[in-house]
2 protein chains.
Amino acid sequence: MRMLLVAGTTHTALIDGISAAGVSPEATRHTPVADTEIVAFGQPVFAPEVPVSPTGCPTPALITRAIRERVGFDLLPIDAGLDEPTAAPTYSLGNGSGGDIRQPEPVPNAETLFDGARELAYALPDDRLLVGESIPGGTTTALGVLRALGESFGVSSSLPDNPVALKRETVDAGLDASGLEPGELANQPGAAVRLMGDPVLASVAGIIAGAAERWAGVTLGGGTQMVAAAALARHADVEAPLRIATTPYVANDDAVDLAAAADGLDLEVTITDPGFDVTDHEAMTRYPAGEAKEGVGLGGALWLADNQGIPMVELREHISTRYVGLVGTNGQ
Amino acid sequence: MRMLLVAGTTHTALIDGISAAGVSPEATRHTPVADTEIVAFGQPVFAPEVPVSPTGCPTPALITRAIRERVGFDLLPIDAGLDEPTAAPTYSLGNGSGGDIRQPEPVPNAETLFDGARELAYALPDDRLLVGESIPGGTTTALGVLRALGESFGVSSSLPDNPVALKRETVDAGLDASGLEPGELANQPGAAVRLMGDPVLASVAGIIAGAAERWAGVTLGGGTQMVAAAALARHADVEAPLRIATTPYVANDDAVDLAAAADGLDLEVTITDPGFDVTDHEAMTRYPAGEAKEGVGLGGALWLADNQGIPMVELREHISTRYVGLVGTNGQ
């Protein structure tokens, strides 16, 4: 199995308090680079440090990497608008980050990203593709896309207290800036992601479309950002089966009605519980407490591990060892 | 172990009869793309076909890939001037192919390539690096660099009959075009590769330099092109230990005095015999007969397999299976 890890940037993440994918809004620009390097190499290489949330919770990339070491999946990092150079080899789709969605057209190259991702996914030899993402601020742009398309599903957050009001306000400002009413871009996914989305959403939607054209199976490893990507594909009339593999921390999030999204968008949902609530390793116990929750393909990696029959207790042990090696403590 | 596969292009390969890395000189432009995709994915993806020599001998990339499937080494493809898009994720060092060495300055961006490769190799977390290459025409540019540096070692060929006279004539024309006498650029490796080399040689030399700065071990998986890269590093006063891992087909090549190169450049040479002479699979028996010989990290991959104690008979069996799957015949 190969994971396409789609990494990019949106300036929406610079809004104070909107993202936990960095110790500060300014630090989030390094996060997708660091995440990609961590999954590719096991540690940051050009990125300055392991990304942590404002409260010190380390990036899910560490967990995805630890799972990769046990499961052995291939990695295809995709640069969908990184803002900094990465040492990881990447398939490059675009250049430059996405803008703040409160601008009229935050993703002017959305069509190029979609088409490039579709071309790649169509050409790859794999019968099944797993997709992950890393883009700080991505749940807000996901909400923007869902509102533009007229889908009413809520979105999750990497913060323990989802800043729902701030996200809504940001999306409302974005709709205003683009001169849009909610739902006005139903069945116009290209415009929806160009005016209200981010470069990663455009690219993931393109991967779904390209894989569908050759009947390759797609599993989206992630939470509500992947719901938004799936919505874009459905509004582009992609009818192929689609699976979302996520964590219980997204599924149990009160802000999210995953069952409604699955039903409305015809998605198969797989939830893999890594049992982080039965460990005393604080970096893992933060997940059931509502921090991080998902990201960097975590739900997909857990699904692969479960498919291979790797016991979760073994996986937690390996995650713990790798954490200590990289962060230097047990995450406290 | 991670293999840095440095792939690029030189227009020197367009000289009729100089390279076997393609069915025709024009076809060689696709070869490094196809080689990279084959090692990364097991088959060409954007590249139009599996590269074959004018006599139908398939690229060593197939063998390196088959070995990778058994050994499980990581791959970091490096784009050092590819002429066509590749589906493989790459670390991109440069843009555009190298020119024909009969031009005055075939690699104007040599310093950028060297510095970029050095920066990457210095930053990577690996204690040891394995380096491979794919660049049609590369033994001729290797000869050009060796002559400019004043090193007298000969170079091998992917053709069964090494076109030595044509290579010498090309190098002489290159020296003339650059206004150089043989040996004039001793201790000036930057100028030697800029005026008489190719983008892959500049990049491999940079990798050697960057790894040496942090005492990481480097194994060059390849033949006389790697000797030229090592010569560039030695002329840049890099004194760290260096190993070349190659095949017996290079070591036994009368055009090459590998022992003299090893002695003159202080290289440890490891030769791993895959026993292709005891198989009846024609694609493998062509190697002892003098075709292909080496390339796309083959000698390095064999060395890794041997280090892991994988029996060569098992490896040959797997190579044979993969050949049939991809080329559709047993290579005849």
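Because only heavy atoms are used, hydrogens play no part in the values below, and waters and symmetry mates are left out as well, while side chains stay in. Note on naming: letters A, B, ... go to the chains in the order of the sequence lines (proteins, then strands), and numbering restarts at 1 for each one.
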Item to check | Residue from A:Leu4, A:Leu76, A:Leu5 passing side-chain contact (heavy atoms from CB on, under 4.5 Å) with B:Pro89 | outcome: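 One option only clears the test, and that one is A:Leu76.
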
Checklist entry - Would the number of heavy atoms belonging to other residues, nucleotides or ligands and lying under 6.0 Å from CD of B:Gln43 be above 12? => result yes

Item to check | Heavy atoms of other groups near B:Arg128 CZ, more than 12 under 6.0 Å | outcome: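 For B:Arg128, atom CZ is not crowded (no more than 12 foreign heavy atoms under 6.0 Å).
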
Next on the checklist: Please classify the contact between B:Thr86 and chain A as side chain, backbone, both or neither, with a heavy-atom cut-off of under 4.5 Å.
Outcome noted: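 B:Thr86 touches chain A through backbone heavy atoms alone.
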
Checklist entry - So, for A:Arg2 and B:Ala40, which heavy atoms are closest and what is the spacing to 0.1 Å? => result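 For A:Arg2 and B:Ala40, the tightest heavy-atom pair comes out as NH1-O, 3.9 Å.
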
Item to check | Which atom of B:Ala123 lies closest to which atom of A:Val45, heavy atoms considered | outcome: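 Taking B:Ala123 first and A:Val45 second, the nearest heavy atoms are O-CG1, 3.4 Å.
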
So how far is it from [X] [atom1] to [Y] [atom2], rounded to the nearest 0.5 Å?
X       : Y        : atom1 : atom2 : result
B:Phe46 : A:Leu120 : CZ    : CG    : 5.0 Å
B:Leu75 : A:Leu75  : CG    : CG    : 11.5 Å
A:Tyr91 : B:Thr90  : OH    : OG1   : 10.0 Å

Next on the checklist: According to salt bridge (Lys or Arg N to Asp or Glu O under 4.0 Å), does anything in residues 77-90 of chain A pair up with another residue at least two apart or in another chain? List the pairs.
Outcome noted: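 Output for this query lists A:Arg29-A:Glu84.
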
